[in-house]
*Asks:* 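Here's a structure for you.
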Amino acid sequence: MTTPTTSILTESTQALRRELASAREQTDHLFDLLSPGTLYERPIAERHRLIFYLGHFEAFDWNILARRGLSAPAFHAEFDQLFERGIDPPPGEAPRDSAGDWPSEAEVLQYRAKTRSWIDDHLDDFDPWLLNMTIEHRHMHAETFAYLMHGLPYNQKKSDTASRHSTPFNESPANPMVGIRSSAVTLGKTPDVFGWDNEHLAHDVHVPSFRISKFKISNGEYLEFVRDGGAAPHFWSREGNQWLYRGMFSEFPLPLDWPVWVTWEQAAAYAAWRRISLPTEAQFQLASQLQTPDPVRDNFDYQRWDPIPVNASADDSSVPAQMTGNGWEWTRDVFAPFKGFWAHPFYPGYSADFFDGRHYVMKGASPRTARLLTRPSFRNWFRPDYPHMYAGFRLVDQNA
């Protein structure tokens with residue numbers, strides 16, 4: 001006879017099986033979009049060659065679940081180490097390896113097949129917390145791989161059905177400020193359900209009244225800043241007197257009503273130019289609670305490769321739009337631990353290695369962010385000068 005507890009555990013295990021299969025489907029599809037011979041390219045100087053990620057997804061799963069979780073003996077210790085962790089060096093400190101330093105695609109695919117087979121045979125034995133960790137990690141790096149792939153020449157990747165967008169584009173919409181009443185907001189989460197170490201511990205923050213822009217800052221708004229001497233974003237290019245947008249699979253005239261994706265430094269410079277500021281993490285969190293996210297309407301969970309207009313999902317003038325989706329959003333807060341933080345012993349460097357005062361918190365989601373990563377407590381972070389992320393911003397005025 002099946003007890004209620006057994007039934008719940010079975011349902012939970014089956015749900016995790018489905019989530020793992022879905023995450024693998026996403027990452028496998030990315031490699032299908034590469035043209036032959038592209039795996040050994042390095043689209044971003046400060047990141048590994050693409051071949052690294054073919055092994056990294058599996059090495060991370062193996063090292064967390066099998067090697068650390070169940071003390072399984074290694075069958076390819078060299079690959080376990082080679083593909084274990086990515087890199088985040090400061091600009092100008094790129095790795096100097098050559099394509100010939102990496103294993104062949106066939107060797108890495110064989111490693112993938114062996115690790116997956118072993119993991120699938122032991123799924124019922126894993127700690128659900130660790131399984132959640134590997135699933136979410138895979139989704140995180142599906143987004144990482146997307147912006148790496150974004151940097152490839154168009155002849156090195158194949159177009160995807162989700163890449164289609166409508167033309168022509170419209171002018172940038174008016175972007176009024178929306179009032180947010182003073183309130184307490186909860187940052188972080190309790191440890192009774194899965195979350196990453198930097199999400200702990202949940203705590204309330206009092207937020208005074210403020211105003212926040214209804215939409216993310218658009219390309220059209222930012223263009224005025226560029227015309228006044230501001231730095232052009234990474235995703236723009238110029239041809240004569242015309243600005244173009246470098247989409248994932250094609251280049252086209254700059255869509256003025258799409259969100260501008262910029263570095264933190266560029267976002268902060270624009271805010272200073274407007275004489276207002278970026279939101280704090282707490283302000284963003286309070287404003288984001290006014291609307292329930294929807295992946296189709298707000299553009300996340302792999303719906304598209306490129307943005308949609310900032311006002312595409314607007315339905316209420318009193319509510320900020322697309323707080324989750326269509327691009328992560330920079331806050332003005334340095335990435336730091338919450339009180340009560342503890343590092344997970346199986347992945348102690350996940351957050352702690354970046355509590356260095358040189359990374360800033362991002363909230364929300366991009367078109368390539370999985371639904372699992374859109375919970376309110378989730379925190380993303382990057383260097384202030386890193387230009388490749390799908391990250392925009394909106395502004396706040398403290399004088400509500």
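Everything quoted here is computed from the prediction, not taken from an experiment.
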*Asks:* Could you check whether Glu199 pairs with Arg379 (Lys NZ or Arg NE/NH1/NH2 to Asp/Glu carboxylate O, under 4.0 Å)?
*Replies:*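 No.
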*Asks:* State the NE2-CZ distance between His388 and Arg47, to the nearest 0.5 angstrom.
*Replies:* 8.0 Å
*Asks:* How far does CG of Leu34 sit from NZ of Lys157, to the nearest 0.5 angstrom?
*Replies:*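 Leu34 CG to Lys157 NZ: 9.5 Å, rounded to 0.5 Å.
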*Asks:* Among Trp381, Phe341, Trp342, Phe355, which residue satisfies the ring-ring contact (aromatic ring centres under 6.0 Å, His included) criterion with Tyr350?
*Replies:*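 Answer after filtering Trp381, Phe341, Trp342, Phe355: Trp381.
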*Asks:* Does a salt bridge link Asp61 with Arg24, judged by any charged N lying under 4.0 Å from a carboxylate O?
*Replies:*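 Salt bridge between Asp61 and Arg24, a charged N being under 4.0 Å from a carboxylate O: no.
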*Asks:* Under 4.0 Å between a Lys/Arg side-chain N and an Asp/Glu carboxylate O for Glu136 and Arg375?
*Replies:*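 The answer is yes: the pair qualifies as a salt bridge.
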*Asks:* Enter the distance from Asn63:CG to Phe79:CZ here, rounded to the nearest 0.5 Å.
*Replies:* 13.0 Å
*Asks:* Quick one: sort the Tyr222 and Tyr270 rings into parallel, tilted or perpendicular, breaks at 30° and 60°.
*Replies:* parallel
*Asks:* With rounding to the nearest 0.5 Å, note down the distance linking CZ in Phe126 to CG in Leu131.
*Replies:*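 With rounding to 0.5 Å, CZ (Phe126) is 7.0 Å from CG (Leu131).
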*Asks:* As a test of understanding, state which of Phe83, Phe57, Phe75 forms a ring-ring contact (aromatic ring centres under 6.0 Å, His included) with Trp62.
*Replies:*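 Checked Phe83, Phe57, Phe75 against Trp62; only one passes ring-ring contact (aromatic ring centres under 6.0 Å, His included): Phe75.
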*Asks:* Among side-chain atoms of Tyr386 and His359, is any donor-acceptor pair under 3.5 angstrom?
*Replies:*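 His359 and Tyr386 do not have a side-chain donor-acceptor pair below 3.5 Å.
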*Asks:* Does the cation-pi check pass for Arg368 over Trp305, that is, NZ or CZ under 6.0 Å from the six-membered ring centre and within 45° of its axis?
*Replies:*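 Cation-pi check for Arg368 and Trp305: passes.
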*Asks:* Could you tell me whether the side chain of Gln242 and the main chain of Leu254 form a donor-acceptor pair under 3.5 Å?
*Replies:* no
*Asks:* Going through the checks in order, is the ring pair (Phe, Tyr, Trp, His ring centres under 6.0 Å) test met by Tyr390 and Phe300?
*Replies:* CA-CA 11 Å; Tyr390 301 152; Phe300 63 89; over 10 Å; no
*Asks:* For Arg394, check salt bridge (Lys or Arg N to Asp or Glu O under 4.0 Å) against everything at least two apart and list the hits.
*Replies:* Glu329
*Asks:* How many angstroms lie between atom CH2 of Trp261 and atom NZ of Lys216, to the nearest 0.5 angstrom?
*Replies:*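 Result: 9.5 Å between the selected atoms.
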*Asks:* To the nearest 0.5 Å, what is the distance between CZ on Arg17 and CG on Asp124?
*Replies:*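 Nearest 0.5 Å value for the CZ-CG distance: 4.5 Å.
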*Asks:* Is Asp101 salt-bridged to Arg49, cutoff N-O under 4.0 Å?
*Replies:*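 No salt bridge links Asp101 with Arg49.
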